[in-house]
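Structure first, then comments.
FYI, side chains are in, hydrogens and waters are out, and symmetry mates aren't considered; it's all heavy atoms of this structure.
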Amino acid sequence: MRVAILTTFFGFFFALASSAPVAPAPKLHVLHARQNATGATNTTAPCASVSSAYFGQVNPSPTVPAQMAMDCIKSVPLNVTAAKILIKDIRPFIQWQSTLAYLKNPPVEYVTKIQAAVDIMAGLDYIDAQLTAGAYSGEYDFGSSLYQLIHSAHDGHFSYIPDSVGNIFTFGRTVPLVSVSEDGQMLPAIFAYVDVLGTQFHNISYTPSAVVKIDGQDANTFLQNWSQWGSLQDRDALYNNVFYELAQISLGASGSATGTFSGGGRGRYVYPGAHTTLTFANGTSRTFQNYARVLVNMRGIQTGEDLQRNYFYYDAAASAESISNVNGETPVRVSATSPSTPPGYPEAVVPGPLNLINGYYIDSPDYNDIAVLSVPSFVSNSYAESDFQLTTTRFIPKALADGKTKLIIDLSANGGGTILQGYDMFKQLFPSILPYGATRFRAHEAVDLIGQSYSALGSKYPRSLNDTNSTIVGVQSTYFDYETDADVNYHPFTSWPDKYGPVTFNGDNFTQIARWNLTDTFITLASGGIEITGYGTRSNFTTQPFKAENIVIVYDGYCASTCTIFSELMRQQAGVKTIAMGGRSNKNPIQAVGGVKGTNNYQWGYIQGLAQQAVEIAAPDQQERYNKSVLANYYTDAPFSRASGSPGCNVRDGLRQDDDSGIPLQFRYEAADCRLFYTPEMTVDATAIWKAAADAQWNGGKCVESGSYGKRDEVTTRLSRRTGAVDWAQKKRLEESLALETNPNISGDGLMLP
Ligand SMILES: *[C@@H]1O[C@H](CO)[C@@H](O)[C@H](O)[C@H]1NC(C)=O
Ligand SMILES: *[C@@H]1O[C@H](CO)[C@@H](O)[C@H](O)[C@H]1NC(C)=O
Ligand SMILES: *[C@@H]1O[C@H](CO)[C@@H](O)[C@H](O)[C@H]1NC(C)=O
Ligand SMILES: *[C@@H]1O[C@H](CO)[C@@H](O)[C@H](O)[C@H]1NC(C)=O
Ligand SMILES: *[C@@H]1O[C@H](CO)[C@@H](O)[C@H](O)[C@H]1NC(C)=O
Ligand SMILES: *[C@@H]1O[C@H](CO)[C@@H](O)[C@H](O)[C@H]1NC(C)=O
Ligand SMILES: *[C@@H]1O[C@H](CO)[C@@H](O)[C@H](O)[C@H]1NC(C)=O
Ligand SMILES: *[C@@H]1O[C@H](CO)[C@@H](O)[C@H](O)[C@H]1NC(C)=O
Ligand SMILES: *[C@@H]1O[C@H](CO)[C@@H](O)[C@H](O)[C@H]1NC(C)=O
Ligand SMILES: *[C@@H]1O[C@H](CO)[C@@H](O)[C@H](O)[C@H]1NC(C)=O
Ligand SMILES: *[C@@H]1O[C@H](CO)[C@@H](O)[C@H](O)[C@H]1NC(C)=O
Ligand SMILES: *[C@@H]1O[C@H](CO)[C@@H](O)[C@H](O)[C@H]1NC(C)=O
């Protein structure tokens with residue numbers, strides 16, 4: 001066995017896939033030279049090493065060896081007083097997490113097929129007791145245990161990333177992987193993505209061999225374990241998200257980059273060790289140095305205490321998020337570096353904004369009748385909402401006019417977005433169906449009090465967009481004015497108590513079912529400005545463009561939030577079939593929808609704003625009553641000043657029509673109609689996915705099935721070359737996409753939008 005220490009795989013260095021020229025991914029060996037040159041080898045002051053390594057680089061995305069960063073962050077001493085304050089102060093916000101009771105006591109099927117139970121509140125008690133007992137060695141030890149507790153909910157809307165975990169360093173590995181089946185029938189195996197690129201583009205002289213061990217452990221086991229650091233709940237979806245994937249790449253820095261193994265998405269919050277050793281089926285082993293992205297200026301930082309003094313804001317009042325956004329959503333971080341045509345995709349027939357949506361055809365006579373709507377996001381932002389909607393509006397009639405009778409909707413990498421864009425797309429496809437879309441909050445005192453205060457003010461005034469008092473419009477357009485939303489029967493609520501309930505399920509209280517009132521006066525405030533198809537100026541959309549059986553939805557499991565809302569409408573109400581790609585290396589059925597099925601997240605800053613405003617807008621003789629209630633707990637800024645990014649909760653459960661069990665969709669298991677393995681070609685050419693989906697749905701192709709599928713139970717061990725012409729420009733763009741991994745702004749994680 002040969003063992004080589006390399007810092008990057010096969011010496012590939014790529015420019016960022018952006019229009020602006022950016023320095024290539026760092027060569028870590030350069031750091032050592034600099035490190036020696038400046039003599040910063042004081043092992044008792046690990047942050048000094050980081051500091052000197054950091055200043056040895058001109059790179060805008062500086063990286064240092066992972067171990068060096070870990071030694072540094074671990075040397076930050078723990079402020080126990082501040083830690084106890086933090087644990088106390090986050091509890092009122094966590095009350096808003098709608099699934100607390102179900103996480104603690106989930107349905108049996110959730111536990112056997114999806115995730116283990118977790119008692120979040122008891123976990124906070126435990127951390128608090130550990131603090132009292134002096135059990136944590138430093139800020140990182142404390143912070144990572146808090147991070148892991150919240151993460152263990154496996155809810156993409158629920159996240160708290162402490163300063164020590166997300167503000168100073170994030171981590172990565174230099175070797176993106178893929179899991180592919182050589183012919184779509186053999187069981188998939190793991191390969192270095194550059195090996196697949198090499199064989200697909202006839203560009204390597206050796207025969208690539210599968211990764212069979214990682215750090216000495218069986219590679220499948222290792223990656224299944226590692227996959228749990230992703231934000232999804234479904235295990236096959238999590239497994240897919242470990243790997244390089246074209247749809248994620250197409251989102252630029254707002255996707256999970258080159259996969260959680262290489263530090264994309266929530267994978268970046270986990271220390272991968274100093275090195276990673278890959279052992280291949282052919283007996284070769286290679287060891288790579290892991291790295292950390294440095295997110296703060298390290299100038300003058302020598303010790304953990306220096307880092308603490310400069311970057312741990314124990315007393316600083318961080319400004320809470322503004323309340324102006326009616327849905328409490330995080331402002332969308334759309335990558336400014338999205339390339340015009342994403343690598344691995346053809347030219348769009350009808351391009352949408354920022355690659356959030358694109359309409360394609362498949363350039364092959366066998367697939368002439370098929371249109372593809374690729375929708376890796378429902379995330380829009382104020383300037384993309386309208387274009388997002390119009391992309392579907394333009395693409396459908398064009399596709400029909402061009403003789404397309406079938407539609408593939410590719411929802412791969414779709415972490416959600418604007419809720420009503422999901423409703424709108426459904427209505428563009430099925431104009432005659434009224435979306436069901438039941439939601440509910442966890443009913444607790446803060447929700448009740450805010451609802452009382454908002455409803456008291458809101459119901460005093462007519463609901464009019466023309467109202468010049470923005471406070472009144474702001475109040476009236478939230479959930480907390482009872483006049484917003486329709487009830488379970490699509491009738492108006494009559495009072496706040498009518499809307500609040502509560503009703504009891506699984507030992508916890510919940511509000512009555514609320515459904516979006518698609519003719520609400522304020523609907524355009526919630527929708528980001530669009531009118532919902534079927535209403536208002538779009539009420540002339542009455543023709544269903546495709547039969548349900550002529551539509552199929554393709555998933556990579558990474559479907560969360562609004563993607564799950566849309567999927568529920570499409571599958572349950574319209575009867576559209578689903579195809580799930582990839583999954584663990586077995587032939588079992590897998591789920592199509594693997595991400596959070598909660599239907600709304602609130603950032604904690606929004607919750608804080610609601611609570612404070614409920615006091616402010618109350619009648620003068622009521623203010624003291626409100627301000628002495630639980631709402632007094634929402635003035636603290638510690639949860640914000642101690643966090644990386646915006647902490648969030650899932651505040652609304654999604655519920656299925658005609659199901660009175662009260663079980664949120666998040667806790668239901670639902671296998672896809674069809675499963676397909678990824679092939680090597682599908683990791684370099686998205687149309688290969690669409691062709692396979694079309695074959696399975698309409699051309700008699702087979703889906704993966706235990707027993708009958710494929711004759712063999714063979715596992716892929718090697719890759720053969722693709723035949724046909726090589727598109728060198730495509731290859732270059734794919735190579736360049738690998739540089740995404742060191743981008744310090746990669747997200748694709750707990751900031752999923754509903
Ligand atoms: C610099 O440091 C690296 C490791 O930290 C070591 O391998 C190398 O030999 C050193 N070089 C010199 C010139 O001291
Ligand atoms: C190394 O760092 C420690 C902690 O800052 C310091 O006390 C010590 O003097 C340093 N040693 C050297 C040789 O610079
Ligand atoms: C520890 O936290 C407390 C409470 O936030 C703060 O007052 C104190 O200054 C902090 N101590 C240090 C050493 O930063
Ligand atoms: C590999 O690809 C590069 C272009 O990216 C080309 O210049 C080179 O000749 C190729 N090598 C082989 C062995 O095909
Ligand atoms: C074994 O496979 C690995 C991974 O594909 C490759 O890098 C290496 O060159 C191969 N070794 C031999 C001896 O073929
Ligand atoms: C992965 O396995 C290690 C033990 O090998 C364990 O400590 C760790 O918690 C596991 N991680 C996850 C996410 O399950
Ligand atoms: C708003 O004002 C415009 C013109 O002043 C009027 O045409 C429209 O009907 C008003 N809309 C509502 C909802 O009151
Ligand atoms: C808007 O309405 C609120 C609540 O009634 C009131 O306190 C505020 O003064 C009004 N603002 C304006 C500009 O009229
Ligand atoms: C649920 O609500 C009822 C009455 O509104 C209350 O008595 C009970 O304590 C609540 N249960 C929980 C778990 O909050
Ligand atoms: C929806 O809102 C409109 C306008 O506010 C109202 O007239 C209608 O009754 C509401 N519909 C339902 C089902 O609540
Ligand atoms: C609906 O009407 C608008 C003009 O008001 C027109 O531009 C659009 O094409 C129509 N759409 C359909 C589906 O009829
Ligand atoms: C409510 O209490 C907070 C402090 O707990 C105070 O800052 C605020 O001014 C009070 N608001 C009102 C309207 O009394």
Side-chain angles (χ1 to χ4, degrees), residues 99 103 106-107 109-116 151-159 179 188 223-243 245 247-248 251 255-256 259-261 264-267 375-378 409-417 422 553-568 570-572 577-586 588-599 601 650 654 664-678 689 693 704 748-754:
T99 58
L103 285 168
E109 191 174 40
Y110 178 86
V111 177
T112 54
K113 294 187 177 164
I114 305 176
Q115 293 290 343
H151 176 78
S152 65
H154 286 279
D155 180 328
H157 283 159
F158 189 25
S159 72
S179 169
L223 292 179
Q224 284 175 40
N225 178 328
W226 182 265
S227 75
Q228 289 290 315
W229 295 118
S231 66
L232 311 170
Q233 69 275 6
D234 177 74
R235 288 171 186 271
D236 293 291
L238 281 163
Y239 191 72
N240 284 344
N241 195 219
V242 160
F243 303 109
E245 194 214 12
Q248 291 286 359
L251 292 169
S256 56
T260 59
F261 178 73
R266 287 192 188 176
V375 193
S377 176
F378 284 105
I409 302 175
D410 187 345
L411 293 179
S412 298
N414 193 316
I553 313 181
V554 174
Y555 295 86
D556 64 357
Y558 198 104
C559 173
S561 202
T562 298
C563 181
T564 75
I565 296 173
F566 174 74
S567 298
E568 178 76 2
M570 291 292 283
R571 195 174 191 194
Q572 294 300 320
K577 293 275 193 281
T578 59
I579 296 178
M581 304 298 305
R584 290 167 287 180
S585 186
N586 59 42
N588 302 334
I590 62 173
Q591 296 201 95
V593 175
V596 60
K597 298 175 187 170
T599 57
N601 76 328
N650 183 72
L665 290 171
Q666 171 76 359
F667 292 85
R668 290 184 167 281
Y669 179 91
E670 190 176 5
D673 297 303
C674 170
R675 174 184 183 183
L676 297 173
F677 291 142
Y678 283 111
I689 297 172
V704 173
D749 49 29
L751 303 178
M752 292 172 161
L753 297 186

### Gap separating the CH2 atom of Trp229 from the CZ atom of Phe261, nearest 0.5 angstrom
15.0 Å
### Query
Is a donor on one side and an acceptor on the other found under 3.5 Å between the side chain of Trp226 and the backbone of Thr260?
yes
### Task
Measure the spacing between CG of Leu238 and CG of Leu232 and express it to the nearest 0.5 Å.
5.0 Å
### Task
State which residues pass ring pair (Phe, Tyr, Trp, His ring centres under 6.0 Å) with Phe667; sequence neighbours excluded, sorted by chain then number.
Tyr102, Tyr110
### Summary
The side-chain contact (heavy atoms from CB on, under 4.5 Å) partners of Arg235 (sequence neighbours excluded) come to Gln115, Gln228, Arg584
### Results of ring pair (Phe, Tyr, Trp, His ring centres under 6.0 Å) for His154 - residues two or more places apart only
His151
#### Entry: Nearest non-hydrogen partners of Pro188 and Ser585, listed with the distance
O-OG, 2.8 Å
### Message
Could you report the tightest heavy-atom contact between Val375 and Asn414, atom names first, then the distance?
### Response
O-ND2, 2.7 Å
### Distance, nearest 0.5 Å, that separates CD1 of Ile590 from OH of Tyr239
12.0 Å
### Message
On a heavy-atom basis, which atom in Thr564 and which in Val596 lie closest, and how many Å separate them?
### Response
CG2-O, 3.3 Å
#### Entry: Distance (rounded to the nearest 0.5 Å) between Gln572 CD and Glu670 CD
5.5 Å
### Message
With heavy-atom distances below 4.5 Å as the criterion, would you say the side chains of Gln233 and Lys597 are in contact?
### Response
yes
### Message
Rounded to the nearest 0.5 Å, what separates atom CG in Asp155 from atom CD in Gln666?
### Response
5.0 Å
### Query
Of all heavy-atom pairs between Arg266 and Ser159, which one has the smallest distance, and what is that distance?
NH2-CB, 3.6 Å
### Message
Applying ring pair (Phe, Tyr, Trp, His ring centres under 6.0 Å), can you list everything that pairs with Tyr678, at least two apart in sequence or on another chain?
### Response
none
### Query
Do you know the tightest heavy-atom contact between Val704 and Phe677?
CG1-CZ, 3.7 Å
#### Entry: Under 3.5 Å: donor-acceptor pair, side chain of Thr578, backbone of Asp673
yes
### Summary
To the nearest 0.5 Å, atom CG of Leu676 lies from atom CD1 of Ile689 at 10.0 Å
### Query
Will you find, in the side chains of His157 and Asn601, an N or O donor that is under 3.5 Å from an N or O acceptor?
no
### Summary
Residue set satisfying side-chain contact (heavy atoms from CB on, under 4.5 Å) with Ala247, at least two apart, ordered chain then number -> Glu245, Tyr345, Ser412, Ala413
### Message
Closer than 3.5 angstrom, by distance alone: can the side chain of Arg571 be matched with the main-chain N or O of Lys577 as a donor-acceptor pair?
### Response
no
### Query
Considering all heavy atoms of both residues, which atom of Asp556 and which atom of Asn240 are nearest to each other, and what is their separation?
O-ND2, 2.9 Å
### Summary
Ser567 meets the side-chain contact (heavy atoms from CB on, under 4.5 Å) criterion, sequence neighbours left out, with Leu411, Tyr555, Cys559, Cys563, Val593
#### Entry: Min side-chain heavy-atom separation Phe158-Thr99 under 4.5 Å
no
